[in-house]
Amino acid sequence: MTKLNLVLCDDNSADLESLRKSTDEYIKCRGFCGKTFCFSAPEEVLRFSDNIGDGNVTVYILDVIMPETDGIELGRRIREHDKYSAVIYISYSGEYSLDAFSVRAFSYLIKPFSQEKLFSELDECLGRIEPANNKAVQPTFPVKTANGTVALALSEIIAVEYLGHRLIFHLAKGGKVESVYRRQPFDIQAEELMQTGAFLKVSASYLVNYRNIKGIKTDKFVMCDGSQYKITRKYAGARKKYIDCELNGGVL
């Protein structure tokens, strides 16, 4: 199984701890086989990167402004022996964003950024990365069913229906996956789904995966499989949110 490594480097201990919590939550929410590795000094990252096993997918999240060796130079040294892994830079300043291109950085985030923004950035990054063994890593969501836990690729989920205290996952290739019974309201059961940053609530009983929306009618989303989901009056803001998302480069 391909393993995801999220390698963090930040000399600010508070920022590093906050980022670690977010990346650990990302791995958990997406159902990845993966781990977060935290470092406060560039040399520690270089020693770690020399020993990463073949077949792993690695994303480096590096602070730019650090003493002795800055994040840009660290990225260059990583690239000397690792041409496949992704690099995401983080900084309180956008001053070095152009320099990030010299190491083919995937993106440059300005602190402070939301967890939702980080999740969205990692989703897009992992959708494009080409690991050395050519195995793609796709974000997944774990669903507890009567027959055990099933890991559904987020990209395969068209919509999620709340029916009889269960979540019904409608899939792009047809078919459905039904969760176990939980005596909890929809919003509680859907909490982790919403944290993925991939879903819009369109009615009291439905979420749709905005990445699988093909078009919009007056009061409906048309999905990539041809299905349509009505946007009720109470959730009319979902339509505007989707349009704003598209204008902002696909970030909800």
Side-chain angles (χ1 to χ4, degrees), residues 2-30 32-50 52 56-66 69-132 136-139 154 195-198 211 245 248-252:
T2 303
K3 180 182 176 183
L4 172 64
N5 299 316
L6 295 180
V7 182
L8 320 180
C9 186
D10 196 324
D11 63 316
N12 183 311
S13 59
D15 285 356
L16 183 62
E17 176 61 14
S18 176
L19 186 58
R20 181 196 65 78
K21 289 179 179 178
S22 291
T23 52
D24 281 350
E25 184 66 20
Y26 178 79
I27 290 170
K28 176 184 174 183
C29 284
R30 296 301 191 266
F32 283 136
C33 171
K35 187 175 180 180
T36 295
F37 298 88
C38 297
F39 303 99
S40 57
E43 291 302 324
E44 296 173 344
V45 176
L46 291 172
R47 283 195 292 271
F48 174 85
S49 66
D50 283 338
I52 293 177
N56 292 333
V57 172
T58 302
V59 179
Y60 294 90
I61 305 179
L62 310 176
D63 187 32
V64 174
I65 303 173
M66 293 185 287
T69 303
D70 64 35
I72 303 298
E73 179 59 27
L74 174 57
R76 291 193 184 107
R77 293 176 66 181
I78 289 171
R79 281 283 176 254
E80 289 175 4
H81 63 271
D82 187 345
K83 300 183 184 304
Y84 295 100
S85 298
V87 175
I88 294 175
Y89 282 115
I90 57 175
S91 178
Y92 284 107
S93 168
E95 180 181 354
Y96 301 93
S97 57
L98 292 178
D99 295 323
F101 286 106
S102 67
V103 295
R104 295 185 289 110
F106 177 78
S107 62
Y108 191 107
L109 300 179
I110 302 297
K111 300 179 183 179
F113 46 83
S114 68
Q115 181 169 282
E116 289 74 20
K117 172 63 176 173
L118 177 64
F119 281 22
S120 178
E121 207 73 16
L122 285 170
D123 283 347
E124 187 172 352
C125 176
L126 292 174
R128 297 184 187 183
I129 198 171
E130 294 182 9
V137 174
Q138 293 294 330
L154 282 178
Q195 287 176 7
T196 68
R211 293 170 186 145
C245 163
N248 290 324
V251 180
L252 278 177

What verdict does the salt bridge (Lys or Arg N to Asp or Glu O under 4.0 Å) test give for R76 and E73, after you've listed the backbone C-alpha separation in whole Å, the side-chain angles of each residue and the deciding distance to 0.1 Å? CA-CA 5 Å; R76 291 193 184 107; E73 179 59 27; 3.5 Å; yes
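- When all heavy atoms of S91 and Y108 are compared, the closest pair comes out as CB-OH, 3.6 Å.
- Among residues two or more places apart in sequence or in another chain, the ring pair (Phe, Tyr, Trp, His ring centres under 6.0 Å) test is passed with F48 by F37, F39.
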Residues L126, L4; criterion side chain to side chain contact (heavy atoms under 4.5 Å, CB included); working and verdict: CA-CA 9 Å; L126 292 174; L4 172 64; 3.8 Å; yes
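- Aromatic ring orientation, F119 versus Y26: perpendicular (interplanar angle above 60°, classes split at 30° and 60°).
- At a threshold of 4.0 Å, the pair E121-K117 counts as salt-bridged, since one of the basic side-chain nitrogens sits closer than that to a carboxylate oxygen.
- With rounding to the nearest 0.5 Å, the separation of CG in L8 from OG1 in T23 is 4.5 Å.
- For the residue pair A198 and R211, the shortest heavy atom distance occurs at CB-NH1, 3.5 Å.
- In this structure, T36 OG1 and K28 NZ are separated by 13.0 Å, a value rounded to the nearest 0.5 Å.
- Comment: R20 engages E17 in a salt bridge, judged by a side-chain N to carboxylate O separation of less than 4.0 angstrom.
- At least one side-chain heavy atom of I27 sits under 4.5 Å from a side-chain heavy atom of L6.
- Here the side chains of D63 and K111 are in contact, with some heavy-atom distance below 4.5 Å.
- Contact annotation: the side chain of V64 approaches that of I72 to within less than 4.5 Å [non-hydrogen atoms, C-beta and beyond].
- Taking OG1 of T58 as the start and CG of N5 as the end, the distance is 4.0 Å to the nearest 0.5 Å.
- Contact annotation: the side chain of L122 never approaches that of R30 to less than 4.5 Å [non-hydrogen atoms, C-beta and beyond].
- Scanning both residues, M66 and C9, for their nearest heavy atoms gives SD-SG, 3.7 Å.
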Can you check side chain to side chain contact (heavy atoms under 4.5 Å, CB included) on Y60 and L74, steps first, answer last? CA-CA 10 Å; Y60 294 90; L74 174 57; over 6 Å; no
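- Rounded to the nearest 0.5 angstrom, L109 CG and I61 CD1 are separated by 8.0 Å.
- Here the NZ-CD distance, from K21 to Q115, works out to 11.0 Å after rounding to the nearest 0.5 Å.
- With hydrogens and angles ignored, the 3.5 Å screen pairs a side-chain donor or acceptor of Y89 with a backbone N or O of G71.
- Taking 4.5 Å as the limit, every side-chain heavy atom of D82 sits out of range of all side-chain heavy atoms of S49.
- Checking I78, V103, I88 one by one against L62, the side chain to side chain contact (heavy atoms under 4.5 Å, CB included) holds for a single residue, I78.
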Worked verdict on E95 versus I65 for side chain to side chain contact (heavy atoms under 4.5 Å, CB included): CA-CA 10 Å; E95 180 181 354; I65 303 173; 5.8 Å; no
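- When every heavy atom of K83 is checked against every heavy atom of R104, the shortest pair comes out as O-NH2, 3.3 Å.
- Counted by atom type alone, Y92 and N12 present zero donor-acceptor pairs between their side chains at under 3.5 Å.
- Two residues are said to be in side-chain contact when any heavy atoms from C-beta on lie closer than 4.5 Å; L118 and L19 meet this criterion.
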